[in-house]
Amino acid sequence: AAQIYTIPVVIHIVHNGDEINTPGNVTGENISDAQARSQIEILNQDYRRMVGTPGGNNSTGKAVDVEINFVLAKQDPDGLETTGIIRHEITPYTDDIANKFEGGLNDGGADWENYADVQKMKRETQWDPTKYLNIWTIRMGGEKVEDDGLSDLLGFAQFPSNSGLQGIDVIGGSAATDGVVISFHAFGAWSKNDRSFLMNNQYSEGRTTTHEVGHWLGLRHIWGDTDTCENGDYCLDTPDATEEHYDCSQAYDTCLNDGLGNDMVENYMDYTTDGCMDTFTQNQKDRMIAVLNNSPRRVDL
Ligand code: ARG
Ligand code: ZN
Ligand code: CA
């Protein structure tokens with residue numbers, strides 16, 4: 001039988017001292033344990049293509065079971081028992097992060113990864129990245145500050161270093177900041193009630209983390225981040241595309257000669273809405289498994 005990898009996860013909930021949210025009373029970024037756990041469930045539904053869940057739909061007919069499981073860590077780096085959910089009250093960081101783009105940012109293209117306070121937050125709270133997948137949930141500010149204080153940026157990740165994979169061998173990130181960062185309002189599955197507090201209901205089903213963990217495991221965007229028709233994601237079974245898509249309301253085919261038909265808007269590595277995504281392909285799986293085979297990020301703790 002094939003080996004199924006299990007990755008221990010630590011979820012760092014970064015907040016500024018707000019009370020922990022309760023059902024029907026979402027006041028900010030200090031999300032509940034249940035909210036955090038719901039994200040682990042979604043990761044498993046998507047990476048295991050679980051039948052009967054949105055991640056099991058296989059609307060493209062090309063979706064595979066990636067055979068990677070995610071579990072909340074049961075032991076912390078000192079070997080002590082843990083829930084895998086850690087809260088950090090870090091007021092200066094969240095304030096700085098929220099204020100960073102007052103009056104400025106207009107899309108998700110800002111270079112968040114390189115902001116000093118985000119880097120510092122990661123370095124100071126990270127658990128050994130060779131043993132854990134570190135996920136941070138934070139409040140990201142943005143041009144929406146005056147409305148609801150939430151950014152259009154939903155999350156960002158680092159590529160693995162030394163993976164030997166085409167397309168990411170040069171740009172892998174430093175171990176000291178390894179992990180993924182997700183805007184709290186896009187983390188986990190939000191109930192209908194609680195969604196009303198949040199902007200962008202169409203990103204309330206947990207697929208931002210599925211996408212960012214895909215990057216963390218070595219996947220590129222399916223359009224390759226260029227406007228040309230080339231195999232920009234180094235996966236021959238994803239159609240080429242010249243741009244990202246933001247909806248599944250119609251068929252797009254930006255590369256007519258790729259022999260693969262329409263752009264795969266249902267792929268987790270496009271930018272479409274959560275409800276539309278349900279596919280990692282075999283070639284994407286091959287890349288992710290290659291990363292795990294070349295890195296120690298698979299210790300079952
Ligand atoms: N890095 C992308 C962004 O922040 C994530 C896109 C996630 N897409 C989604 N449907 N949840 O815009
Ligand atoms: Zn991305
Ligand atoms: Ca095509």
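Numbering of ligands and ligand atoms starts at 1, following listing order. Just so you know, residue 1 is the first one in the sequence shown, and it goes up from there. This is a predicted model, so every value here is computed, not measured.
Using a 30° and 60° split on the angle between ring planes, Y47 and F280 fall in the tilted class, from 30° to 60°.
Looking at T27 and D18, their side chains never bring a donor and an acceptor atom within 3.5 Å of each other. In summary, the side chains of T177 and Q158 do present a donor paired with an acceptor at a separation below 3.5 Å, with no hydrogens or angles considered. If you check the side chains of S249 and D247, you find a donor sitting under 3.5 Å from an acceptor.
Inclusion of C229 in the first shell of the Ca ion (ligand 3) is not supported: no N, O or S atom falls under 3.0 Å. Checking D258 against the Ca ion (ligand 3), an N/O/S atom falls under the 3.0 Å cut-off. At a cut-off of 3.0 Å, L256 does not coordinate the Ca ion (ligand 3) through any N, O or S atom.
Atom CD of E212 and atom OG1 of T210 lie 10.0 Å apart (nearest 0.5 Å).
Close approach of ligand 1 to T272 (heavy-atom distance below 4.0 Å) involves ligand atoms 8 (N), 9 (C), 10 (N). Against a heavy-atom cut-off of under 4.0 Å, R207 is close to the following atoms of ligand 1: 11 (N). Atoms of ligand 1 found under 4.0 Å from any heavy atom of G155, numbered from 1 in the order shown, are 1 (N), 4 (O).
For ligand 1, one of its N or O atoms has an N or O atom of D274 under 3.5 Å away. Considering backbone and side-chain atoms together, M277 places no N or O closer than 3.5 Å to any N or O of ligand 1. Between H211 and ligand 1, no pair of N/O atoms sits closer than 3.5 Å. Residue Y203 has no nitrogen or oxygen atom sitting less than 3.5 Å from a nitrogen or oxygen atom of ligand 1, judged on distance alone.
With hydrogens and angles ignored, the 3.5 Å screen pairs a side-chain donor or acceptor of N294 with a backbone N or O of A290. Side-chain atoms of Q39 come within 3.5 Å of backbone N or O of G206 as a donor-acceptor pair. Between the side chain of N267 and the main chain of M269, a donor-acceptor pair closer than 3.5 Å is present.
Around the Zn ion (ligand 2), the protein atoms of type N, O or S that sit closer than 2.8 Å are H211 NE2, H215 NE2, H221 NE2.
When all heavy atoms of K62 and D237 are compared, the pair lying nearest together is NZ-O, 2.8 Å. When all heavy atoms of A251 and N262 are compared, the pair lying nearest together is CB-ND2, 3.4 Å.
Judged by the shortest distance from any of its heavy atoms, Y271 lies inside the 4.0 Å radius around the atoms of ligand 1. Put simply, no part of Q202 is less than 4.0 Å from ligand 1, judged by heavy atoms. Residue-ligand proximity: E212 is placed with a non-hydrogen atom under 4.0 Å from ligand 1.
Between H221 and Y271, a ring centre-to-centre spacing shorter than 6.0 Å is recorded.
If you run side chain to side chain contact (heavy atoms under 4.5 Å, CB included) between I11 and each of I31, I40, I86, T209, only I40 comes through.
Put simply, the angle at the Ca ion (ligand 3) from O in G261 to OD1 in D253 is close to 90°, to the nearest 10°.
The existence of a salt bridge linking R207 and D278 is excluded, since no basic side-chain nitrogen approaches an acidic carboxylate oxygen closer than 4.0 Å.
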